[in-house]
Amino acid sequence: MSREVRGRTGPLRVHFATSEVFPLVKVGGLGDVAQALPKSLARRGHRVDLFLPRYTGLPAGRRVAALDVAAGTARARFEVADQGEHDGVRYYTVGTAEQLPWDRPEGYVEKDLASFVLFSRAVARLAADWRPDAVHCNDWHVGHVPAYLRTLNAPCRSVLTIHNLAYQGLFPHSMAGELGLTEYGTGNLLAQGITHADAVTTVSDRYRDETLSPLRGCGLDGLLRERGGAYSGVLNGVDYDQFDPGADPHLPARYDVGDLAGKAVCKAELQRTSGLPVDPAVPLVAFVGRLVKQKGVELLLEAVDELAALDAQFVFVGRGDRFERAFARAARFYPNVAFHADSREPVARLAYAGSDMFLAPSEFEPCGLAPLIALRYGSVPLVRRVGGMAQTVADPGLGLSFTGNDRAQLLGALWDGIERYRGGQGWARLRERAMRARYTWDEAAASYERLYRPPAADREKGHRR
Ligand code: GLC
């Protein structure tokens, strides 16, 4: 089959570049996306190779290639190692064992920037050699890839997905010289990607629209507006094989829409392991997420005394240095508040399954996978009406929502939720609708496929971008 024919309809070859992939390395939602989207593409018949930095602590893998990479004065000999096939996707690590330590619970810091530039150059070089149809780059860590693909004149398309515009990989002018980046313009790796990628996406239409305004554009709204129709929203999905209360190995009992007996068992277990009174009747409200400002934890802490005065129980789950102490203090003080300084999967799963309501008060949220997972587990999300959460939960009426920044609105929505919970029937219907809602990866994968293929005009001319 010729390349052009394959480019139009047939199976695609995609290189997927990411700084994390669940369960090998996970900081946040990107880890879940990197696991699930390539898997979904592979199921649709495409060949996907995933590229991850060779973090300290990862297995060495089977060496398949070596390359000398350079960026200005930074130089390294990188190994490309095959890490096996996962759900039909081949994983590769790229780098040296010393290159990047994996010890940053809140993600990477700017001083790792040189390592990510070298990683990005290696990813671009591999694409120039292996010639996939497209390279799919995720977030600032690999924002340099689309720019460097142009330098290499690589015959493949590049797609950049922004999972969070607030993290950009900023670097000072001096570093631009050292790393040989001056010709790419900006002191910002994400901006390089936005400028040079053939297509730029973010993880919901609503967040896309928000980022076009100065309020949520994080200084890049002008650049994003310049990309016009090349910047689009592709909503994330949920991997329903993984997040299935009917088969979840982390739960003490399983359940689904037709039979919720197992959910009651999970609730009792969550109450017990949280040191809360075991009581099936009291509404249990959970929060699961990184304890960072973006997730709205400041609002939660501001409101915690009033929350504790409500006739409900609260379980907070997550890590984040700055805020852990405050949550721990609230948990010690109030008998109906519990805190797990934990980000491990089994704890999170029990919180989804054992709760009646799921709090997601994020200040902004590109997609917001946690409330989507909560829907499936029958924990009715209570979200701030922003970004992906406005689109997926609030607008279709799949949960409760509030707007604005003050705690009166949060408390009002929560109070309303508690009333409805106690009302019985209406709540059962709301929960059932939540559990039946589906946001699949298949739909997202179909959208990305269109972006991986060259537009018709380019195909006719016989070149690919
Ligand atoms: C980031 C965003 C989150 C999104 C995730 C996956 O973590 O903050 O909203 O769901 O990426 O795209």
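These numbers come from a predicted model, not from an experiment. Heavy atoms only: backbone and side chains are in, while hydrogens, waters and symmetry mates are out.
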Could you check Val94, Leu118, Val123, Val117 and say which one makes a side chain to side chain contact (heavy atoms under 4.5 Å, CB included) with Val69?
Leu118
Could you tell me whether Asp221 and Arg225 have a side-chain N and a carboxylate O separated by less than 4.0 Å?
yes
Ser40 side chain vs Ala36 backbone, donor-acceptor pair below 3.5 Å:
no
Treating Glu210 as the side-chain partner and Gly387 as the backbone partner, does any N or O pair qualify as donor plus acceptor under 3.5 Å?
yes
Is a side-chain donor or acceptor of Tyr377 paired with a backbone partner of Lys263 at a separation under 3.5 angstrom?
no
Indicate whether the side chain of Asp248 and that of Tyr352 have a donor and an acceptor atom separated by less than 3.5 Å.
no
Considering only heavy atoms from C-beta outward, does the side chain of Gln35 approach that of Asp87 to under 4.5 Å?
yes
Side chain to side chain, Tyr207 and Glu365, heavy atoms closer than 4.5 Å:
no
Which one of Tyr91, Phe16, Tyr92 satisfies the ring-ring contact (aromatic ring centres under 6.0 Å, His included) criterion with His86?
Tyr91
Has Glu443 got more than 12 heavy atoms of other residues, nucleotides or ligands less than 6.0 Å from its CD?
no
If only side-chain N and O atoms count, and only distance matters, is there a donor-acceptor pair under 3.5 Å linking Thr201 with Thr161?
yes
Taking side chain as C-beta onward, heavy atoms only, is Leu160 less than 4.5 Å from Ile194?
yes
Do Arg216 and Leu165 make a side-chain contact, defined as non-hydrogen atoms from C-beta onward lying under 4.5 Å apart?
no
Quick one, Met357 and Leu400 - any side-chain contact, counting heavy atoms below 4.5 Å?
yes
salt_bridge(Arg44, Glu449) N-O dist < 4.0 Å
yes
Determine, for Asp198 against Arg227, whether the closest basic-nitrogen to carboxylate-oxygen distance falls under 4.0 angstrom.
no
Thinking salt bridges, do Glu363 and Arg384 make one under a 4.0 Å N-O criterion?
no
With no hydrogens and no angle check, just 3.5 Å: does a side-chain donor-acceptor pair link Asp32 and Gln242?
no
Does Arg157 pair with Asp133 as a salt bridge, N-O distance under 4.0 Å?
no
Picking from Phe116, Phe119, Phe51, Tyr167, what satisfies ring-ring contact (aromatic ring centres under 6.0 Å, His included) with His141?
Phe116
Is any side-chain heavy atom of Cys266 closer than 4.5 Å to a side-chain heavy atom of Tyr255?
yes
Closest approach of His46 and Leu12, non-hydrogen atoms and distance?
ND1-N, 2.8 Å
For the pair Phe287 and Phe316, name the ring-plane relationship: parallel under 30°, tilted 30 to 60°, perpendicular over 60°.
tilted
Residue pair Glu324 / Ala341: nearest heavy atoms and the distance that separates them:
OE1-CB, 3.9 Å
Between the side chains of Thr151 and Tyr184, does any donor sit under 3.5 Å from an acceptor?
yes
Give a yes or no on whether Arg344 atom CZ has more than 12 heavy-atom contacts from other residues, nucleotides or ligands under 6.0 Å away.
no
Can any side-chain N or O of Glu20 pair as donor or acceptor with the backbone N or O of Gly28 at less than 3.5 Å?
yes
Just wondering, do Leu37 and Asn236 contact through their side chains at under 4.5 Å, heavy atoms?
no
